[in-house]
Protein chains: 2
Amino acid sequence: MNRFGVIMDDRKRMVLSAIVNDYIATAEPVGSRTIVRKYKLGVSPATVRNEMADLEELGYVQQPHTSAGRIPSDRGYRYYVDYLMQQRELTGEEAALICKEYESKVKDIGQVIQRTGQLLSQLTQCAAMVLKPQSGMSAFKHIQLVPIFQSNAIVIVVMDTGTVHNRMIDLPESVTPADLETVSSVLNAKLQGLTMEKIKLVLIKEIYNELVGHRHFVDLAMELIQDSFSLKSEDKVYLGGVFNILNQPEFHNVEKVKTLLSLLEQEEQLCSLLAVKENTGAVTVRIGGEINHKDIQECSMVTASYQVGDRVVGSIGVLGPTRMEYAKVIGIIDFMRKSLSQALERVFQG
Amino acid sequence: MNRFGVIMDDRKRMVLSAIVNDYIATAEPVGSRTIVRKYKLGVSPATVRNEMADLEELGYVQQPHTSAGRIPSDRGYRYYVDYLMQQRELTGEEAALICKEYESKVKDIGQVIQRTGQLLSQLTQCAAMVLKPQSGMSAFKHIQLVPIFQSNAIVIVVMDTGTVHNRMIDLPESVTPADLETVSSVLNAKLQGLTMEKIKLVLIKEIYNELVGHRHFVDLAMELIQDSFSLKSEDKVYLGGVFNILNQPEFHNVEKVKTLLSLLEQEEQLCSLLAVKENTGAVTVRIGGEINHKDIQECSMVTASYQVGDRVVGSIGVLGPTRMEYAKVIGIIDFMRKSLSQALERVFQG
DNA sequence: TGTTAGCACTCTATCTTTATGAGTGCTAAA
DNA sequence: TTTAGCACTCATAAAGATAGAGTGCTAACA
């Protein structure tokens, strides 16, 4: 109840629901006549007008100008998503497409991520992003120092989530391939199966002692291992289907497209958009200003995390106009989140 | 000389040059008055009009409509690029920016590629693409089979250009980590330093004989090695700075933007755009229809290949409107091509 | 007290009309 | 060969006219 004494009731909820549904479908402000005609409330347009005035009072809808219909406000969408929207099962076609994608054997994590993103954007008609498995949660599996030329080598680090990192290092003149082999095997023996914290706190000294004389590039290797855990300077997220949202009338303004594109080209920004705070399995919906980013005030994001076993390792999400089909998108994200988790599970526990 | 007996002469060349320069700068059709005023030809507008009519006859310029100035045709740009344009040295600022980028030590090939692309798009104000070092030209360096769980492992292949490929494979129940070690070292010993052709033709049988009993996953490993050479299913090209070209008035039409974006999101398409036919070091300019792709009739591409030693391993390029600043862009591409080649050289020969 | 018909009013979007002016091609004179 | 002069074209912008969707308010009604 607000200061005018207006409170939400069932009919207002029906009207709000009608407004949101119709606006999502048509992208046009919704008038009282339309609501009565299409949604059969059994009352007159005048009554609906009164309700709409109340809904505006409550902050759920707004008028672009005096003689236009109403469009939902961010708050209206929020109410809709939380209370009004009815869940929508995937169509057989959608489900089939997803299942088919994940039934084939996983050859390469990167490829699974990419295909997931493509499918997601195709099904939701939004821009899709997929955060690759993050090493923060995974454990060290294997390290290998591969000599390339006299003076440099590649350090390869494999995590137990199947991700592989590599980087180039310089070698002191004196180092032989055999030395590299030694270092590789000591590191492997000592670090196997550990997470970053343990590596950091417990074992560094021990390794140092064992590898006296190779400290220089043990340092470099450790630096890489550390980077691997924090995923520095890597391709962390898949982004695709951006052109989909250009179909939406709200993006017929090139300035907006430009702002959006330059945002999406910055990987750190994508990461922060995808970073899921709560690790519950649930699907998260952020609407307009809730995203808390000035360049995408008129967009919503639907995100969810995926797991390997019981570890949350990454997340998937879509970005679309606030006027997106929430019911459909939420259903798809949830389904894909589960499918992706299962597929990865099968790889690692299978 | 064409069927009307009109031939190119110096004054026509000056007029054409003025039209192209002015149109590049303003994006507006260029009229006879403007040319006389800005480019001081020392003749009257009427004279210039006659010349322009001739240039139209020759197919170098065209009129958007009867009472507008002229704009260059693809053929006009071509003539400009081939004969009229004067080379433009990089500004100190540009050169400094590029040099600074490449003076720091290379840690990771992927990162160099990415920074190269970012710099390229920033300097040219076009969309930039960089084809990563292709393995077709490189030689096998190292393979490593890393067990992840009981039933699967990661095959890692390192090429002598410093690129690393990996993929997951299933293992038969019976295989032990020690077996993997054996296979790794046999493959390493046999394949070291060879290019694909040699591996294919000469050695497969030999390896089979040596690894009787492990044929199944030797097959898988060989498949990956093969894929590594052809770079299948991998992130082959960096793309960035697409938002830059939205500043150009020719892209104020959202339909065009959409067409372009959906093209650029397809990696195979990017590859075919970047694939350089002639491996000469020269910078290649393709204008409008010369690109031979219906979705980018109104764009030009400037590309060049880069090398490691004397092997061409990849290429860089930009995509912009046909109305791009060719002189500047060509200068930048050429400079960056050399800088990138040198930087990679330093890594591999240093 | 809640609902509805009626009506005047507002505002946008669209269409038409009307300048305006940049730029041309042609002709005839220099 | 060059140029001044002039009639002509066409896109763009501004101004006005019209239509229509939708509103809020008032008064009557159940």
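Below, each value reflects all heavy atoms present in this structure, side chains not excepted, and no hydrogens, waters or symmetry copies. Every chain is numbered from 1, with letters handed out A, B, ... down the list of sequences.
- Distance from the side chain of A:Thr47 is smallest for C:dT3 among the nucleotides D:dT2, C:dT12, C:dT3.
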Exercise. Give the intermediate values and the outcome of side-chain contact (heavy atoms from CB on, under 4.5 Å) for residues B:Thr34 and B:Thr26.
Key: CA-CA 12 Å; B:Thr34 314; B:Thr26 66; over 6 Å; no
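- Taking 4.0 angstrom as the limit, B:Thr66 places none of its side-chain polar atoms (N or O) nearer than this to OP1 or OP2 of C:dT24.
- Contact check, B:Arg70 against C:dG25: a side-chain N or O comes under 4.0 Å of OP1 or OP2.
- The side chain of A:Arg49 contributes no N or O atom lying less than 4.0 Å from OP1 or OP2 of D:dT26.
- Under 3.5 Å, the side chains of A:Arg70 and A:Tyr23 contain no donor-acceptor pair of N or O atoms.
- Residue B:Ser32 has a polar side-chain atom (N or O) positioned under 4.0 Å from OP1 or OP2 of C:dT24.
- The nearest pair of heavy atoms linking B:Ile245 to B:Gln125 is CG2-O, 4.2 Å.
- Residue B:Arg11 has no polar side-chain atom (N or O) positioned under 4.0 Å from OP1 or OP2 of D:dT1.
- Of the residues near DNA chain D, B:Ser44 and B:His65, the one whose nearest nucleotide (by heavy atom distance) lies more toward the 5' end is B:Ser44.
- Donor-acceptor pairing under 3.5 Å, judged by distance alone, is present between the side chain of B:Ser67 and the base of D:dT9.
- Using a 4.0 Å cut-off between charged nitrogen and carboxylate oxygen, B:Lys256 and B:Glu298 count as a salt-bridge pair.
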